[in-house]
Amino acid sequence: MNEFTLSDGLRAIQKAFDLADPRLKGHGEQTAFLMWRMLDRLGCTRARMVSLTTAALFHDMGAYKTDVGHSFSEFELLNTASHCVYGYLYTRFYSPFPSFAPVILYHHTGYLYKQYIDSSFLTDSLLLNLSDRVSFVFLTQENPDLSFLNALSGIDFDPKHVSAFLEADREEGLLRALKDGSYHEKLHAFWRETALSRSEVMRYARMLMYTIDFRSEQTVTHSISVTSLSKLLCGLLGLDHVDTSIVTASAMLHDIGKITTPVEILEKKGPLNEEEMAIMKKHAHASYEILKELGFDNIALIASSHHEKLDGSGYPRGLKGDEIPFYSRILAVADILSALIGERSYKGPMPKGQVTAILGGMACRNQLDPIVTSVALEHYDDLITFSAEDCAQAMEDYHSIKAEYTRLMQQFELMEEEQRKASYSI
Ligand SMILES: [Fe+2]
Ligand SMILES: [Fe+2]
Ligand SMILES: [Fe+2]
């Protein structure tokens, strides 16, 4: 297998964003490309450019907490604070580049209000703001041009950056590269030169896992509990280290396709109706589409088959019996167990007797794998204890993020209030 590079990982992430909101197709990569060209011309080091372009790809990640299905202009122009704060928190808590989180926090704070931005991140946040806006204009206007840059120079953008950007555009054709799509290959060629270690790949996977789970209070610990349950089941089933790590990675990312599921559906108290269920079910195929971009076809297939049933009644493909990979059957048992023991706001955790009866019944009806199910039932108490420890940590992080979110949003409100007062007195 060829070396796994940053390009492979980030291609999958852009795919996830594109599926979640097609109106923003390519927005992260376009912003990263423009940021890269600017940083390069400013003499930035390669290591810093790698981190900053990665942060640029992720800059709107916070918008997927609430905004899928809402207006692009709404969160990019009007109510910008929420996605800046969530993007900052996810980056600080979970990304492999936490020190760049402030760049994301301030990516919509204009040049006129630069006194609010920490001076060590001022240039990078203003460059991200400008690159972001050029991509936004490109994606939302029929005949995009760059005249808005001069109009907003000294207000939203640093005048030095505007001149540098226009010069870069004249010399390199930045807007043309967005129009003809050539930016994509240029940017990925740059990212391909950075190999990712196994532990770095796992950090990205962890970041995505939490981003997806934290979209709803109902799913906060779901992927982490499926991951712990699957890992322990692998040990009990005698899988070796390599196979266990394939199952673990698939478990972490099995629901990544839920980035496409509206929060209202994830949060619904009570059973879903037919239409909502059809939307929810799309997440399994979306997981496949996203994970196949990584180039690990086995992980894409294993992860996306976690709702398949041995009798063919599952989804997304309706696979039967041996057509379902054995590792997906481990995920299927872990997934159902996690859902049954998890607390939802409309129901408490289910008692052991009821959970074991449901799992046993599904195995008898040829839906779940009988071997995996019997191992799970036999070691039920160990599985529950093992996953509870991991979930407690995830829950603690979730509450810290929520508290920090409230604190930072108050700070942003104060800052916006001061900005409003300042603009009245101009
Ligand atoms: Fe944004
Ligand atoms: Fe953006
Ligand atoms: Fe799922």
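One-based numbering, in listed order, for ligands and for the atoms of each. Quick caveat, the model's predicted, so the values are computed rather than measured.
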Is the Fe ion (ligand 1) less than 2.8 Å from at least one N/O/S atom of C84? no
Given F214, which partner from the list Y398, Y64, Y405 fulfils the ring pair (Phe, Tyr, Trp, His ring centres under 6.0 Å) test? Y398
Report yes or no: do Y327 and D243 form a side-chain donor-acceptor pair below 3.5 Å? yes
Aromatic ring proximity H107/H83, centre distance under 6.0 Å: yes
With no hydrogens and no angle check, do the side chains of H254 and H307 hold a donor and an acceptor under 3.5 Å apart? no
Cation-pi check, R407 onto F412 ring (under 6.0 Å, within 45° of axis): no
Aromatic F190 / basic R46 pairing, under 6.0 angstrom, 45° off normal: yes
What number of protein N, O or S atoms occur at distances under 2.8 Å from the Fe ion (ligand 3)? 4
Between D60 and the Fe ion (ligand 1), is there a contact where an N/O/S atom of the residue lies under 2.8 Å from the metal? yes
Taking atom CD of E275 as the centre, report whether more than 12 heavy atoms of other residues, nucleotides or ligands fall under 6.0 Å from it. no
The Fe ion (ligand 1) to nearest N/O/S of H107 below 2.8 Å: yes
Geometry at the Fe ion (ligand 2) - D132 OD1 versus H27 NE2 angle, rounded to 10 degrees: 80°
Between D132 and H27, do the side chains contain an N or O donor and an N or O acceptor separated by less than 3.5 Å? yes
